[in-house]
**Student:** 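Mind looking over this structure? Questions follow.
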Amino acid sequence: MSFGNFALSNGKALPLGASLAGDGVNFAIFSRNATLITLVLFESAEKDSAFVEIPLDARGAKTGDIWHCHVHGLAAGACYLYKADGPYRPEAGMRFNRHKALLDPYAKSIHNTSNWDFGNCCGFDNASKLGDISFCDEENLRDLPRCVVVDDGDFDWQGDAPLNYPLRFSVLYETHVKGLTAHPSSGAKNPGTYLGVIEKIPYFKELGVTSLEFLPIQEFNENELARANPKTGKALTNYWGYSTVAFFAPKESYAVDRSPGGPVNEFKTMVRELHKAGIEVILDVVFNHTGEGNENGPTFSFRGLDNSIYYMLDDNRRYYKNYSGCGNTMNCNHPVVRAFIMRCLSYWVVEMHVDGFRFDLGSILGRDQNGNLMESPPMLESIAEDPVLSSTKIIAEAWDAGGAYQVGWFPGGRWAEWNDRYRDEVRKYWRGDPLQSRHLATRLSGSSDLYLRDGRKPFHSINFVTSHDGFCLWDLVSYNKKRNDENGEENRDGGNHNYSFNCGVEGPAKDPLVNDIRLRQTKNIFATLLVSLGTPMILGGDEFGRTQGGNNNAYCQDNETSWYDWSLLEKNKDLFRFVKEMIAFRLSHPGFMRPEFYTGRGGNYNATPDITWYTEKGVSPDWDNIGYTFALHINGRQADVLRDKDANDFFIMFNSGAEVTTFVIPPANSFKRWFVAVDTGMGAPNDILPEGSEKPLGVPYRYRVKARSMAILISKNVEP
């Protein structure tokens, strides 16, 4: 059999996707219920290029449920799509439509996405009163972006491999690839791109973070929203990207080189250069749902290939179970879907060299095919036990939109979790809520109430106070209420329970006293985060006071609301300096990175307890009645005896009240003396003193901590 200048043969069933093999490309795609799969090959990447449709013969080009063929003479850069014929019976869960072009779920690059409009990709007639029950016979082949054949071996990694830092030695920095450098103030030569990230490497090195956690970069359609900003009239877009359409493909619009396959090489270049600088790459992945939405959504891939396999369907199989809040739910524990997810994760680690994943709405990956939460979910166990992923960070958002909440109980072994209990209780304490000291003490000491039970360690708690979802940190101390009107949802979207405090003025303030309090509160939260046992995560831009104007759900704001305004780095240089020094302080002291929970007892090498709690009067606290102040003594020499026997001790004082408080401080251990390292109540540069410049504390030991402030003392050797 021949096609143009290419010869065709049956090819092989594995691997799935489009793979270079021998003198051409092997195509393989899964569909159990289709009656015919057609491969569509394009002459070139041009939008109006000629194409040919190649029906795959079930008598020879099909092995089990895998349809396949080999195109001899085809090379990397070739563009292709599929069509799937079969029954169109939505009430039975079948939505095949031979008129609709489909993306390959295993496609490693998608081309020509910039003007993608889902309106022409539907599997039904939008104008029909019957909605998805009607059958649309309009062709959409020229409207859909194209899959690209990629040569995985065509990149010079220069010896690179994933860094895989242990979690306890990591400081995570959540950021958006585009938003990081899209603002004109970024000064980037390649704004809003993977290459733009590379330009900020010196900044990340100065800040001291170890790992970048990127919001979704797997291909999505930013043009899927049908709303405009009611203030400006401009179209709103899917900025965050939590609506994946191609799980193997890096987002094309984040690349400078948008030729077929170009985004793959640019993503790899970014990873390689970040690794050279000692910075990890963690991806936020969204396997809980896809961009195809509910029964009224577009058909462009999974739905048209085998709807009833890839998605959880309701008892009335026309409809979708919706544990994601986004219209559909991936059927993650179906063996076919489970294999798809595992292959995808392995690809990003092996071929793209990423260091970890954060799983959006991770609890969905623990639901069975009927939507029930499982005690031992195969999907989660497979990820945790996979030998390829054994050194890869796996972090769960341990809840979903269907009511599951599994923080501290996430199944599957070695999973780390976003700890929203930490987020809320740190916020409440520094907001000044009463009787919060005992809760903060639990979070400071690693959340043993959540993670000790099943043998996990303190570092499995991903400690954060702000993330992309919710107020950024400066807004947390500037707004009592969200300001989401420009999202076009009449301010109904976004969380209402933010535990924020505007320090007396809603929004921007001219009063320098109000801004001083806000700055101090910001420092308090950073200092708390960076001395807590667990793995800290910082929201990008918080370190220099980025604001979203009170918008706590900026998912659709691809503009200056979300982009980093780098002019704030100079304006708030004292805040940046404080955060930078606090990160360095944490990473230089094993006492804050111990691998085990505190016991309150002494160890083999030192009889002093590893942690001791105090009131401001220097006695043990009554946690049921304690107010706004408390302190703790950390015996750093028990932090990690084998790694560092001579770590310092620390005495940390917290005061979220409105009054100055004088703390009584116990003597330092033999031949040591207390020195002041951090005091958020002091102005720069005395708010944090670099190593070697700490100020000695006089005897008898007393220390005044200002209202809404905290202070850290460090014990240092003195001559006997």
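Note that the structure is predicted; figures quoted are calculated from it, not measured. Along the sequence shown, residues are numbered consecutively beginning with 1.
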**Student:** Can you name the side-chain contact (heavy atoms from CB on, under 4.5 Å) partners of Ser448, sequence neighbours left out?
**Tutor:** Leu452, Phe597
**Student:** Parallel, tilted or perpendicular for His633 and Trp674, by the 30°/60° rule?
**Tutor:**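 Perpendicular: the ring planes of His633 and Trp674 meet at over 60°.
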**Student:** Let me confirm one number: the CG-CG distance from Leu163 to Leu274, rounded to the nearest 0.5 Å.
**Tutor:**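 Those atoms lie 9.0 Å apart.
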**Student:** Got a donor-acceptor contact below 3.5 angstrom from the Thr561 side chain to the Gln548 backbone?
**Tutor:** no
**Student:** For the residue pair Trp623 and Phe630, does the interplanar ring angle fall in the parallel (under 30°), tilted (30 to 60°) or perpendicular (over 60°) class?
**Tutor:**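 Ring orientation of Trp623 relative to Phe630: perpendicular.
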**Student:** Would you call Lys523 and Leu575 a side-chain contact if the rule is heavy atoms closer than 4.5 Å?
**Tutor:** yes
**Student:** Going from CD on Gln436 to OH on Tyr499, what distance comes out if it is rounded to the nearest 0.5 angstrom?
**Tutor:**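 Nearest 0.5 Å value for the CD-OH distance: 9.0 Å.
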**Student:** When rounded to the nearest 0.5 angstrom, what distance separates CZ in Arg673 from OG in Ser715?
**Tutor:**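 These two atoms lie 12.5 Å from each other.
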**Student:** To the nearest 0.5 Å, tell me how far Ile712 CD1 sits from Ile688 CD1.
**Tutor:** 7.0 Å
**Student:** Hey, can you tell me if Phe544 and Tyr564 have their rings parallel, tilted or perpendicular (30° and 60° cut-offs)?
**Tutor:** perpendicular
**Student:** One thing to verify: whether Glu691 and Lys716 come together as a salt bridge, which I'm taking to mean a side-chain N less than 4.0 angstrom from a carboxylate O.
**Tutor:**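 Answer for the salt bridge query: no.
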**Student:** Using a 3.5 Å distance criterion without hydrogens, assess whether the side chain of Asn648 forms a donor-acceptor pair with backbone atoms of Ile714.
**Tutor:** no
**Student:** Just wondering, do Phe526 and Ile538 contact through their side chains at under 4.5 Å, heavy atoms?
**Tutor:** yes
**Student:** Ignoring hydrogens and geometry, is there a side-chain-to-backbone donor-acceptor pair from Glu280 to Tyr165 under 3.5 Å?
**Tutor:**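 Yes.
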**Student:** What residue pairs, at least two apart or across chains, pass salt bridge (Lys or Arg N to Asp or Glu O under 4.0 Å) with a residue in residues 619-634?
**Tutor:** Arg438-Asp624
**Student:** Check side-chain hydrogen bond (donor to acceptor under 3.5 Å, both in side chains) between Trp430 and all other residues, then give those that pass, not counting sequence neighbours.
**Tutor:**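 For Trp430, the residues satisfying side-chain hydrogen bond (donor to acceptor under 3.5 Å, both in side chains) (neighbours in sequence not counted) are Thr528.
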**Student:** Could you pull out all residues at least two apart from Arg518 that satisfy salt bridge (charged side-chain N to carboxylate O under 4.0 Å, His left out)?
**Tutor:** none
**Student:** Hey, could you give me each pair passing salt bridge (Lys or Arg N to Asp or Glu O under 4.0 Å) that has a residue in residues 569-584? Not counting sequence neighbours.
**Tutor:**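 For residues 569-584: Glu206-Lys580, Glu570-Lys573, Arg577-Asp687.
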**Student:** Please name all residues satisfying side-chain hydrogen bond (donor to acceptor under 3.5 Å, both in side chains) with Tyr701, sequence neighbours left out, ordered by chain then number.
**Tutor:**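 Result, side-chain hydrogen bond (donor to acceptor under 3.5 Å, both in side chains) vs Tyr701: none returned.
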**Student:** According to salt bridge (Lys or Arg N to Asp or Glu O under 4.0 Å), does anything in residues 531-555 pair up with another residue at least two apart or in another chain? List the pairs.
**Tutor:**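 Sorted pair list comes back empty.
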**Student:** What salt bridge (Lys or Arg N to Asp or Glu O under 4.0 Å) pairs are there with at least one residue in residues 701-711, not counting sequence neighbours?
**Tutor:**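 Sorted pair list comes back empty.
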**Student:** Between the main-chain N or O of Tyr479 and the side-chain N or O of Asp475, is there a donor-acceptor pair closer than 3.5 Å?
**Tutor:**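 Answer holds: no.
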**Student:** Test of understanding: with salt bridge (charged side-chain N to carboxylate O under 4.0 Å, His left out), list the residues that count as partners of Asp454, not counting sequence neighbours.
**Tutor:** Arg456
**Student:** Could you pull out all residues at least two apart from Asp284 that satisfy salt bridge (charged side-chain N to carboxylate O under 4.0 Å, His left out)?
**Tutor:** Arg358
**Student:** What residues form a salt bridge (charged side-chain N to carboxylate O under 4.0 Å, His left out) with Glu199, not counting sequence neighbours?
**Tutor:**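 Glu199: no salt bridge (charged side-chain N to carboxylate O under 4.0 Å, His left out) contacts found.
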**Student:** Give a yes or no on whether the backbone of Val705 and the side-chain of Ser709 come within a donor-acceptor separation of less than 3.5 Å.
**Tutor:** no
**Student:** With sequence neighbours excluded, tell me which residues meet side-chain contact (heavy atoms from CB on, under 4.5 Å) with Ser185.
**Tutor:**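 Listed in chain order: His183, Asp565, Trp566.
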**Student:** Could you verify whether a donor N or O on one side chain and an acceptor N or O on the other, from Asn552 and Asn484, lie under 3.5 Å apart?
**Tutor:** yes
